[in-house]
Protein chains: 2
Amino acid sequence: MKSELYQMQAEVCKAIAHPTRIEILQLLRDGERCVCEIFPAMKIEQPNVSRHLSVLKKAGILSSRKDGLKVIYMVNDQRIYEVLDLVTDMLKGQLDSRQSALKSVVG
Amino acid sequence: MKSELYQMQAEVCKAIAHPTRIEILQLLRDGERCVCEIFPAMKIEQPNVSRHLSVLKKAGILSSRKDGLKVIYMVNDQRIYEVLDLVTDMLKGQLDSRQSALKSVVG
DNA sequence: ATAATATATGCATAAATAGGTATATAGTGA
DNA sequence: TCACTATATACCTATTTATGCATATATTAT
């Protein structure tokens, strides 16, 4: 049934639907990082980062492995960045059409 | 500041992070539709559809125009379908890697 | 064994989201 | 004006989500 797919798509989207989690993904853009590198790079508490990381992991977007005391997180599928970049492009497009709408009125 | 962008990206993602709203977008895939066509096609109450439509509209994903009594909704930017299709592909990829992981164990 | 470090989890709470039912609003036609 | 249709909104409630603070767990080093 299609509704199963919609449910799964919604879960992936929900996982990335938070500014903190998007920022985490950007930090992981050029390679894996441990929690101890991630949370000082953002002004946010460590337990909070851990929970956001686990949301992304549960959605299948991240994986983790242990390296001594550290836990290192990495992106499973680079296409998540295509998704985020597409959304950015759409937002730019919204600005552009507002701008042309404005121009056609104000001149 | 980047955090403004993350916030805006998150809002778009949140808007599509619901199975009902994804289904609505699929119904609009091949053209605009009025509410009276949308809600009978899904087993859901009319006020509920109206609310989901307004979420998508507020996020800039849909627009609407009136045609007599009817309100007709349409997609602003077809790239929203590229986003949804990418997510579907990622989900397929998750299945594939689970399958090969399983094969490497079970044979 | 003990201490120290890195990470995750429990608990409490505030805020956001979703859906049902009823009702309001807007447009149309008699 | 009045009734009718299509859509949106209000209100209530249940559920989910987010976060701070405290604490638990796991690993390493002394």
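Every chain is numbered from 1, with letters handed out A, B, ... down the list of sequences.
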- L62(B) CG - dA8(D) P separation (whole Å): 11 Å

- Message: Any donor-acceptor pair under 3.5 Å linking the side-chain atoms of E11(A) with those of Q7(A)?
- Response: yes

- Message: So does A10(B) get a backbone contact from the side chain of R21(A), meaning a donor-acceptor N/O pair under 3.5 Å?
- Response: no

- Roughly, in whole Å, what's the span from CZ in R65(B) to C1' in dA26(C)? 17 Å

- Item | OP1 or OP2 of dG19(C) under 4.0 Å from side-chain N/O of H18(B) | yes

- Message: Closer than 3.5 angstrom, by distance alone: can the side chain of Q9(B) be matched with the main-chain N or O of L84(A) as a donor-acceptor pair?
- Response: yes

- Gap between atoms CD and P, on E45(B) and dT7(D) respectively (whole Å): 15 Å

Atom pairs, N/O to N/O, protein against nucleotides 7-10 of chain C, distance under 3.5 Å?
residue: dT7(C); atom: OP1; partner: V35(A); partner atom: N; Å: 3.3
residue: dT7(C); atom: OP1; partner: V71(A); partner atom: N; Å: 3.2
residue: dT7(C); atom: OP2; partner: C36(A); partner atom: N; Å: 2.7
residue: dA8(C); atom: OP1; partner: Y73(A); partner atom: OH; Å: 2.5
residue: dA8(C); atom: OP2; partner: S50(A); partner atom: OG; Å: 2.5
residue: dA8(C); atom: N7; partner: Q46(A); partner atom: NE2; Å: 2.8
residue: dA8(C); atom: N6; partner: Q46(A); partner atom: OE1; Å: 3.4
residue: dG10(C); atom: O6; partner: R51(A); partner atom: NH1; Å: 2.6
residue: dG10(C); atom: O6; partner: R51(A); partner atom: NH2; Å: 3.3

- Are any side-chain N or O atoms of R79(B) and backbone N or O atoms of L86(A), one a donor and one an acceptor, separated by less than 3.5 Å? no

- Message: Is K14(A) close enough to dT17(C) that one of its side-chain N or O atoms is under 4.0 Å from OP1 or OP2 there?
- Response: no

- Ignoring hydrogens and angles, tell me if any N or O in the side chain of Y73(B) forms a donor-acceptor pair with the backbone of S54(B) under 3.5 Å. no

- Message: Check the phosphate of dG19(C) against H52(B), side-chain N and O only, distance under 4.0 Å to OP1 or OP2. Yes or no?
- Response: yes

- Item | Minimal non-hydrogen separation, V35(A) against P40(A), with atom names | O-CD, 4.0 Å

- Rounded distance (Å) that lies between atom C1' of dA6(D) and atom NZ of K66(B): 8 Å

- To the nearest Å, give me how far apart CG (D67(A)) and P (dT27(D)) are. 12 Å

- Note on the structure: Rounded to whole Å, CD1 of I16(A) lies from C1' of dT17(D) at a distance of 17 Å

- Any side-chain donor near an acceptor of the partner, E23(B) and S3(A), under 3.5 Å: no

- Touch check for K57(A), heavy atoms < 4.0 angstrom, all strands: base, sugar-phosphate only, or nothing? nothing

- Can you tell me the distance, in whole Å, between the CD atom of Q7(B) and the P atom of dA18(D)? 12 Å

